[in-house]
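Everything below concerns the one structure shown next.
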There are 2 protein chains.
Amino acid sequence: MFIKIDLTSDVPIYVQIKNAIIEGIARGELKEGDSLPPIRQLAEDIGVNMHTINKAYNLLKDLGFITINKKYGAVIQVEGFNGAFMESLKEELRPIITEAFVKGMDRDAFIKLVEGIYDDFGGRRNE
Amino acid sequence: MFIKIDLTSDVPIYVQIKNAIIEGIARGELKEGDSLPPIRQLAEDIGVNMHTINKAYNLLKDLGFITINKKYGAVIQVEGFNGAFMESLKEELRPIITEAFVKGMDRDAFIKLVEGIYDDFGGRRNE
DNA sequence: ATATTTGTTATATATATTATATAACAAATA
DNA sequence: TATTTGTTATATAATATATATAACAAATAT
């Protein structure tokens with residue numbers, strides 16, 4: 001687990017950790033069934049408090065990216081997208097797109113940006 | 001100005017107001033040169049504190065959507081996108097796209113979603 | 001000229017969020 | 001039996017969000 005935290009960022013640490021782990025899955029570094037480190041260990045590794053990791057893990061659970069139990073710890077298990085996810089995705093996306101549109105960025109330019117990010121995950125396929 | 005605030009939302013009120021005003025520009029209801037209501041008036045209209053409006057206006061100014069001065073108040077004046085905007089846009093977009101990708105949403109499905117939102121602003125053109 | 005309206009600034013208070021620090025618990029593991 | 005695990009409970013501190021008053025200086029209206 002290589003997670004770099006930017007303490008100057010306005011993005012909360014537990015959100016940065018959540019993002020980094022989802023990135024790890026997207027890049028294929030973390031696969032279904034893989035275990036994440038115990039919260040105390042990861043906390044020491046990246047130099048933050050145990051509860052901050054715990055918060056990140058529970059957020060990942062709520063978002064449907066991992067399961068947590070005492071037997072196996074935190075295990076990558078991705079719930080596919082559903083209606084609720086699509087709704088929250090739209091709500092997140094809308095103000096971002098609106099800002100870009102108002103600033104003169106046309107549809108094609110925005111789509112190019114999206115394609116560029118998607119290409120980072122290359123030919124990777126989700127099972 | 002028709003701004004509806006969702007007090008149960010986890011999105012701060014001043015951000016909701018900022019988003020609503022940018023939406024207004026995108027929909028063509030607010031045009032370059034138009035003045036926004038005085039902060040006290042808008043505050044009373046939507047039932048929030050003066051400082052909350054002030055914060056929203058100053059955020060809009062920092063983001064390059066309005067200018068503020070005592071003579072003309074808050075006036076719509078959109079700064080076109082630049083490198084800094086593109087960078088922050090990418091940073092905002094990346095974790096959202098990554099989540100969608102990991103959940104099995106492919107590039108084309110995501111782009112369709114983007115196109116749907118762009119279509120809300122119809123044939124409108126930004127000068 | 002005078003009063004009002006404007007954005008701005010200054011305090012103060014209250015609540016929620018974020019992050020850390022310790023401690024303890026129950027279940028699983030070594 | 002001791003250790004490790006996620007979990008829960010308190011406590012503290014800093015920051016963010018929102019409200020409430022008050023006052024200021026500049027512009028506007030009467």
Side-chain angles (χ1 to χ4, degrees), chain A residues 1 3-21 30 33-77 88 91-92 95, chain B residues 1 3-21 30 33-77 88 91-92 95:
Chain A
M1 293 296 308
I3 297 177
K4 285 173 198 161
I5 299 303
D6 177 5
L7 293 171
T8 72
S9 170
D10 55 339
V11 179
I13 296 173
Y14 77 97
V15 175
Q16 292 186 46
I17 293 165
K18 176 217 79 174
N19 289 342
I21 288 168
L30 290 168
D34 284 356
S35 284
L36 296 176
I39 54 177
R40 288 172 179 82
Q41 184 186 313
L42 184 56
E44 203 173 8
D45 276 10
I46 63 184
V48 300
N49 191 270
M50 184 195 77
H51 296 293
T52 306
I53 307 292
N54 193 241
K55 199 168 180 179
Y57 279 13
N58 276 285
L59 178 55
L60 282 163
K61 186 185 72 180
D62 292 343
L63 293 173
F65 290 97
I66 66 174
T67 57
I68 306 177
N69 60 67
K70 277 186 189 167
K71 214 165 188 175
Y72 304 103
V75 178
I76 307 291
Q77 192 172 343
S88 67
E91 272 175 38
E92 270 187 298
Chain B
M1 293 294 310
I3 298 177
K4 286 173 197 161
I5 298 304
D6 178 5
L7 292 172
T8 74
S9 169
D10 56 339
V11 180
I13 297 174
Y14 76 97
V15 175
Q16 292 186 45
I17 294 166
K18 177 217 78 174
N19 288 342
I21 288 167
L30 290 169
D34 283 356
S35 284
L36 296 176
I39 54 178
R40 287 171 180 84
Q41 183 186 314
L42 184 56
E44 203 174 8
D45 276 12
I46 64 185
V48 300
N49 190 271
M50 183 195 77
H51 295 293
T52 306
I53 307 293
N54 192 241
K55 200 169 180 179
Y57 278 12
N58 276 285
L59 178 54
L60 283 164
K61 185 185 72 178
D62 292 342
L63 293 173
F65 290 97
I66 67 175
T67 57
I68 306 177
N69 61 66
K70 276 186 189 167
K71 212 164 187 175
Y72 303 104
V75 178
I76 308 292
Q77 192 172 345
S88 67
E91 272 175 39
E92 271 187 298

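Computation of the quantities below employed the complete heavy-atom set of this structure, encompassing side-chain atoms and omitting hydrogens, waters and symmetry-equivalent molecules.
The distance between atom CD1 of A/Ile39 and atom P of C/dA19, rounded to the nearest whole Å, is 16 Å. Atom-to-atom, CD1 of A/Ile66 to C1' of D/dG6 comes out at 11 Å; the value is rounded to the nearest Å. Counting to the nearest Å, the P atom of C/dT29 and the NZ atom of A/Lys70 are 12 Å from each other. Atom OH in B/Tyr72 sits roughly 19 Å away from atom C1' in C/dT8 (whole-Å rounding). Per the geometry, CG belonging to A/Asn54 stands 17 Å off P belonging to C/dT17, to the nearest Å. If you measure from atom CG of B/Leu59 to atom P of C/dG7, you get 17 Å, rounded to the nearest angstrom. Distance B/Asn49 CG to C/dA12 P: 17 Å, rounded to the nearest Å. Rounded to whole angstrom, the span from the NZ atom of A/Lys55 across to the P atom of C/dA19 amounts to 7 Å.
The closest side-chain heavy-atom distance from A/Lys18 to A/Leu63 is below 4.5 Å. The closest side-chain heavy-atom distance from B/Ile21 to B/Tyr57 is below 4.5 Å. At a threshold of 4.5 Å between non-hydrogen side-chain atoms, the residues A/Leu42 and A/Leu36 do not count as touching.
With D/dT19, D/dT5, C/dA19 as the choices, the nucleotide that has an atom nearest any side-chain atom of A/Pro38 turns out to be D/dT5. With C/dT18, D/dG6, D/dT19 as the choices, the nucleotide that has an atom nearest any side-chain atom of A/Ile68 turns out to be D/dG6. The listed nucleotides are C/dA19, D/dT7, D/dT17; the one nearest the side chain of A/Ile13 is C/dA19. For B/Thr52, whose side chain is taken as the heavy atoms from C-beta onward, the closest listed nucleotide among C/dA21, D/dG6, D/dT19 is D/dT19. Side-chain proximity of A/Met50 to the nucleotides D/dA26, D/dT21, D/dT7 is greatest for D/dT7.
Residue B/Tyr14 places at least one side-chain N or O under 4.0 Å from the OP1 or OP2 atom of D/dT17.
Not a single donor-acceptor pair, N or O on each side, falls under 3.5 Å between the base of C/dT18 and the side chain of A/His51. With hydrogens and angles ignored, a donor-acceptor pair under 3.5 angstrom links the side chain of B/Arg40 to the base of C/dT8.
Pair assignment for C/dC25: D/dG6, on the basis of Watson-Crick or G-U wobble contacts that are both within less than 3.5 Å.
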> Between A/Leu60 and A/Ile17, is a side chain to side chain contact (heavy atoms under 4.5 Å, CB included) present by the stated rule, with each step listed?
Replying inline: CA-CA 10 Å; A/Leu60 282 163; A/Ile17 293 165; 5.9 Å; no

>> Would A/Leu7 and A/Ile13 count as a side chain to side chain contact (heavy atoms under 4.5 Å, CB included) here? Give the steps.
In response: CA-CA 7 Å; A/Leu7 293 171; A/Ile13 296 173; 3.8 Å; yes

